[in-house]
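Residue numbers count from 1 along this sequence.
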Amino acid sequence: MDVKPDNQNIDQLFGTTTYYIDFYQRQYKWNEEPVKKLLDDIFYKFNDEYNRYKNSDIEIDKLIDNYSWYYLNTFVTNKVLGKDYVVDGQQRLTTLSLILIKLRHKSITLNSQLSAWINNKIAGCSGYKQNFWMNHEGSLDTLETIYKNGIIEKPSDNTITSKNLVENYKIISNWIDRELPDTDLKRFDTFVFYFLKRLVLIRLDIEQTDVPMVFEVINDRGVRLKPYEILKGKLLGQIQKTELDTLKLNDLWDNIVNDINSVYEDEIDRFFTYYLKAKFADTRAEGRKFDNDYHRTIMSINTLGLDHNEKNVKHFLLNDFEYYANLYFKIRKLRENLNKDYIYLYYNGLTQMDTQFQLILSACCVKDSQEDEKIKQISYEVDRLFCLLQLQRSYDSNLFASKVYDISVRLRNCQLSEIRNIFDEVLLSVLQTAHGNTEMKDVWNYSLFKNVGIDLDKRFLRYVLARVEQYIADNTNMNMKQNLYNLVINRGAANGFHIEHILAENVENYGLFNNDEERFRSERNRLGGLLLMKGSDNISSSNETYENKLKTYSNTLYWNETLREDSYKSKLDFTKWIFAEKLNFHPMNIFGPQELEERHRLLSELIQKIWK
């Protein structure tokens with residue numbers, strides 16, 4: 001599918017092309033609210049420009065180029081059998097046509113020399129027949145009557161389009177009569193030039209004959225302008241061209257957007273969503289307002305005051321937008337690539353805990369002197385919160401999503417020293433709620449961890465065992481045998497890592513549990529009875545006896561090898577570390593209920609050290 005964008009003012013838009021409304025499109029459904037919003041936007045900008053230049057002696061046809069342009073959104077067309085069909089944007093185009101009809105009537109009343117120009121933007125002639133550029137074929141009689149007579153009481157038919165043409169023309173007529181009084185021809189003519197020359201839309205022409213499919217593509221797959229593209233027009237369109245150039249605001253916007261979108265396609269939209277939730281949503285319900293059409297919602301935030309306020313827009317772009325977008329770009333890149341100074345950003349990427357973005361943006365002020373420390377602390381706390389909840393059977397995705405907003409509100413503009421207490425209080429409250437125990441005082445409870453294991457999310461299990469592996473390596477001066485990405489993410493059949501039970505299903509192991517198969521299956525699934533094994537090793541060990549499995553653990557991962565006696569020979573850094581930390585590491589030549597419990601408790605100790 002070929003998409004051809006074209007910037008057009010209204011003078012270029014209307015005058016040579018007849019736009020047909022495709023059968024797949026809805027009728028003209030705009031009512032009072034969007035019509036008045038469009039009129040308000042247009043006249044707000046016009047009044048600002050007119051007051052600036054009204055005392056100029058330059059002729060309006062030359063002076064108009066000094067007026068700032070105003071962006072009116074996009075529309076999409078599709079050529080079928082030589083006809084241009086409006087696939088998206090007919091509501092706005094139809095309303096603009098009604099404004100032109102009113103300007104035509106007004107020009108006749110004022111005896112303006114611009115009448116012919118205006119009329120040419122409404123309709124053109126072919127022989128005896130007059131064709132409206134916006135060709136609502138089912139409502140042409142109503143449109144013709146309005147064109148000839150102005151305000152009418154009833155449409156020529158009962159279609160929704162015709163009814164709204166009549167009612168919206170009344171609104172437009174009253175608005176323009178108020179804004180462009182009959183006593184001021186100069187103001188009227190200036191507005192006509194402004195309306196036709198300085199109001200800009202973007203036309204996207206899609207070469208496709210299957211109109212229903214095109215409509216689906218546009219509305220469901222994002223061919224229409226992205227929210228950030230629309231927002232750019234809404235914001236930069238309020239600023240004088242000279243200031244845009246002087247402050248290089250267009251360059252600022254484009255550079256930031258290009259940087260962030262270089263991480264992932266349309267990543268800038270995710271930035272705005274996280275930013276708005278971080279700064280302006282106190283609850284999950286409020287946060288949902290920013291999930292889709294944030295480019296509309298942001299304009300109604302009173303504390304930003306971006307609607308019809310050039311000063312606030314400039315302040316927003318040069319402060320909040322520039323700082324928080326660059327901060328987001330920084331942490332987004334660090335999430336993708338392991339950097340030891342910001343390692344928890346990467347860890348959270350492995351577990352898909354992207355709530356860290358919202359919370360970091362919440363905690364940082366513009367030009368925050370504690371920015372780096374807050375990034376490190378919050379990314380660590382997010383990892384700790386998520387893992388300790390999962391490992392104590394206390395994680396509920398809905399509750400967690402709500403609690404993120406509780407944390408976010410408390411983090412706003414906080415000091416670095418406050419962050420740990422904020423997270424700990426939320427962590428403890430979730431544990432108490434999950435287990436119905438308001439007397440619980442500690443954020444780690446072995447009783448909650450005791451039976452945790454294979455029923456956890458497999459990716460998370462691989463992550464926990466990978467973190468244990470790294471903790472051993474870091475504290476014993478050994479290099480990791482596999483990187484974290486391979487351990488957690490790579491799941492290829494041969495080289496990917498998988499969860500393996502130490503206790504295979506066989507008669508010998510049943511006997512260790514007094515042939516109580518139910519107890520055996522429950523116990524073997526505990527985290528202390530699980531290992532990470534590469535695919536080929538995992539398959540080869542199969543249902544072997546524990547004695548034979550021990551052999552397969554040689555030269556695998558450090559945590560696996562600690563079951564073997566030879567792992568304790570001539571490894572001074574390792575033995576020194578476990579002695580200093582008083583960790584119950586020792587080889588296990590048999591593996592039954594007691595050994596499994598010891599192993600599980602050892603993991604509990606390591607988890608407490610890793611996540612403090």
Side-chain angles (χ1 to χ4, degrees), residues 222 226-232 235 251-281 287 290-292 294-295 298 316-387 400-401 404-405 407-408 411-414 416 419 423 459-460 463 483-485 488-489:
K226 301 295 191 300
Y228 70 88
E229 294 171 318
I230 298 172
L231 182 60
K232 177 184 179 181
L235 297 178
D251 291 341
L252 170 70
W253 180 280
D254 287 346
N255 290 338
I256 288 175
V257 168
N258 291 337
D259 281 345
I260 294 179
N261 281 348
S262 70
V263 180
Y264 280 112
E265 184 179 2
D266 299 328
E267 185 68 25
I268 189 68
D269 280 332
R270 282 181 281 274
F271 154 69
F272 275 113
T273 298
Y274 283 124
Y275 160 73
L276 292 169
K277 289 180 178 181
K279 296 301 183 183
F280 305 105
F290 303 117
D291 280 334
N292 297 307
Y294 70 80
H295 57 288
I298 191 175
F316 170 75
L317 292 172
L318 293 170
N319 291 275
D320 277 40
F321 173 66
E322 183 173 19
Y323 174 75
Y324 288 111
N326 283 323
L327 171 59
Y328 182 79
F329 180 50
K330 173 181 177 178
I331 59 181
R332 194 66 179 80
K333 286 195 303 179
L334 289 167
R335 175 198 186 272
E336 301 304 310
N337 302 288
L338 195 152
N339 180 306
K340 289 185 178 180
D341 291 332
Y342 301 92
I343 198 166
Y344 285 91
L345 288 170
Y346 182 77
Y347 287 163
N348 288 324
L350 295 177
T351 59
Q352 300 176 305
M353 271 292 101
D354 287 346
T355 52
Q356 63 179 332
F357 298 136
Q358 178 179 337
L359 298 180
I360 290 170
L361 295 174
S362 292
C364 290
C365 309
V366 173
K367 300 177 182 178
D368 200 318
S369 62
Q370 296 182 320
E371 177 183 299
D372 285 338
E373 292 78 7
K374 287 181 177 180
I375 292 172
K376 295 172 186 177
Q377 183 72 28
I378 290 171
S379 58
Y380 169 79
E381 297 294 347
V382 168
D383 176 64
R384 178 174 178 266
L385 174 66
F386 176 65
C387 291
F400 187 84
V404 165
Y405 287 90
I407 298 171
S408 181
L411 285 177
R412 287 176 194 156
N413 306 321
C414 73
L416 185 67
I419 294 174
F423 275 88
R459 179 169 176 161
F460 177 71
Y463 174 70
N483 63 48
L484 286 168
Y485 182 88
V488 179
I489 308 298

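- Phe400 approaches Leu385 most closely through the heavy-atom pair CE1-CD2, 3.7 Å.
- Counting heavy atoms from C-beta on, the side chains of Phe386 and Asn348 never come closer than 4.5 Å.
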Inset, instruction - Please test Asp269 against Asp266 for side-chain contact (heavy atoms from CB on, under 4.5 Å), starting from the C-alpha separation and ending with a verdict. - result: CA-CA 6 Å; Asp269 280 332; Asp266 299 328; 4.3 Å; yes
Inset, instruction - Carefully, step by step, assess Tyr344 and Arg384 under the rule side-chain contact (heavy atoms from CB on, under 4.5 Å). - result: CA-CA 10 Å; Tyr344 285 91; Arg384 178 174 178 266; over 6 Å; no
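- Between the CD1 atom in Ile298 and the CZ atom in Phe280 there is a gap of 7.0 Å [rounded to 0.5 Å].
- Within the 4.5 Å cutoff, the side chain of Tyr328 has no heavy atoms near those of the Lys333 side chain.
- For the residue pair Ile375 and Ser379, the shortest heavy atom distance occurs at O-OG, 2.7 Å.
- In this structure, Asp372 and Lys330 have side chains that are in contact, with non-hydrogen atoms separated by less than 4.5 Å.
- Distance alone, capped at 3.5 Å, places no donor-acceptor pair between the Asp259 side chain and the Ile256 backbone.
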Inset, instruction - Could you walk me through whether Leu338 and Tyr485 pass the side-chain contact (heavy atoms from CB on, under 4.5 Å) test, one step at a time? - result: CA-CA 10 Å; Leu338 195 152; Tyr485 182 88; over 6 Å; no
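- Listed by chain and number, the residues in a side-chain hydrogen bond (donor to acceptor under 3.5 Å, both in side chains) with Asp291 are Lys277 (sequence neighbours excluded).
- Considering only heavy atoms from C-beta on, Leu327 comes within 4.5 Å of Ile331 through its side chain.
- Pairing each heavy atom of Gln358 with each of Ala278, the nearest pair is O-CB, 3.3 Å.
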Inset, instruction - Begin with the C-alpha distance, continue with both residues' side-chain angles, and end with the deciding distance and a verdict on side chain to side chain donor-acceptor pair (under 3.5 Å) for Glu373 and Gln377. - result: CA-CA 6 Å; Glu373 292 78 7; Gln377 183 72 28; over 6 Å; no
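- The aromatic rings of Phe272 and Tyr294 lie parallel to each other, with less than 30° between the two planes, well short of the 60° mark.
- Residue Asn261 comes nearest to Glu267 through the heavy atom pair OD1-N, 2.9 Å, listed as atom of the first residue, atom of the second, then distance.
- A parallel orientation is assigned to the rings of Phe321 and Trp253, their planes being inclined by less than 30° (bins at 30° and 60°).
- Side-chain contact between Tyr347 and Thr351 is absent, with no heavy-atom pair separated by less than 4.5 Å.
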Legend entry - Full working for side-chain contact (heavy atoms from CB on, under 4.5 Å) between Met353 and Asp383: CA-CA 8 Å; Met353 271 292 101; Asp383 176 64; over 6 Å; no
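- A salt bridge is absent between Lys226 and Glu229; no separation between the charged side-chain nitrogens and carboxylate oxygens falls under 4.0 Å.
- Closest heavy-atom contact between Leu350 and Leu484: CD1-CB, 4.0 Å.
- Contact of the Leu334 side chain with the Tyr346 side chain is not registered, since no non-hydrogen atoms from C-beta on lie closer than 4.5 Å.
- To the nearest 0.5 Å, atom CD1 of residue Ile419 and atom CD1 of residue Ile407 are 11.0 Å apart.
- In this structure, the side chains of Ile260 and Arg332 stay at 4.5 Å or more apart for every pair of heavy atoms.
- Taking a cutoff of 4.0 Å between a charged side-chain nitrogen and a carboxylate oxygen, Asp341 and Lys376 do not qualify as a salt bridge.
- Residue Lys279 holds its NZ atom at 7.0 Å from CG of Leu361, rounded to the nearest 0.5 Å.
- Atom CD1 of Ile378 sits about 7.5 Å away from atom OG of Ser362, to the nearest 0.5 Å.
- Ion pairing of Arg335 with Asp354 is present here, as a side-chain N (NZ or NE/NH1/NH2) and a carboxylate O approach within less than 4.0 Å.
- The backbone N or O of Leu252 lies less than 3.5 Å from no partner atom in the side chain of Glu322, so there is not a single donor-acceptor pair.
- The backbone N or O of Ala363 lies less than 3.5 Å from a partner atom in the side chain of Lys374, making a donor-acceptor pair.
- Between the side chain of Asn258 and the backbone N or O of Asp254, at least one donor-acceptor pair lies under 3.5 Å.
- Using a 4.5 Å heavy-atom cutoff, the side chains of Gln352 and Arg459 are in contact.
- With values rounded to the nearest 0.5 angstrom, Cys365 atom SG is found 11.0 Å from Glu371 atom CD.
- For the ring pair (Phe, Tyr, Trp, His ring centres under 6.0 Å) with Tyr324, the qualifying choice from Phe329, Phe271, Tyr274, Tyr275 is Tyr275, the only one to do so.
- Summarising the geometry, atom CG belonging to Asn483 is positioned 10.5 Å from atom CD1 belonging to Ile489; distances are rounded to the nearest 0.5 Å.
- Across all non-hydrogen atoms, the minimal contact from Gly287 to Tyr405 is CA-OH, 3.6 Å.
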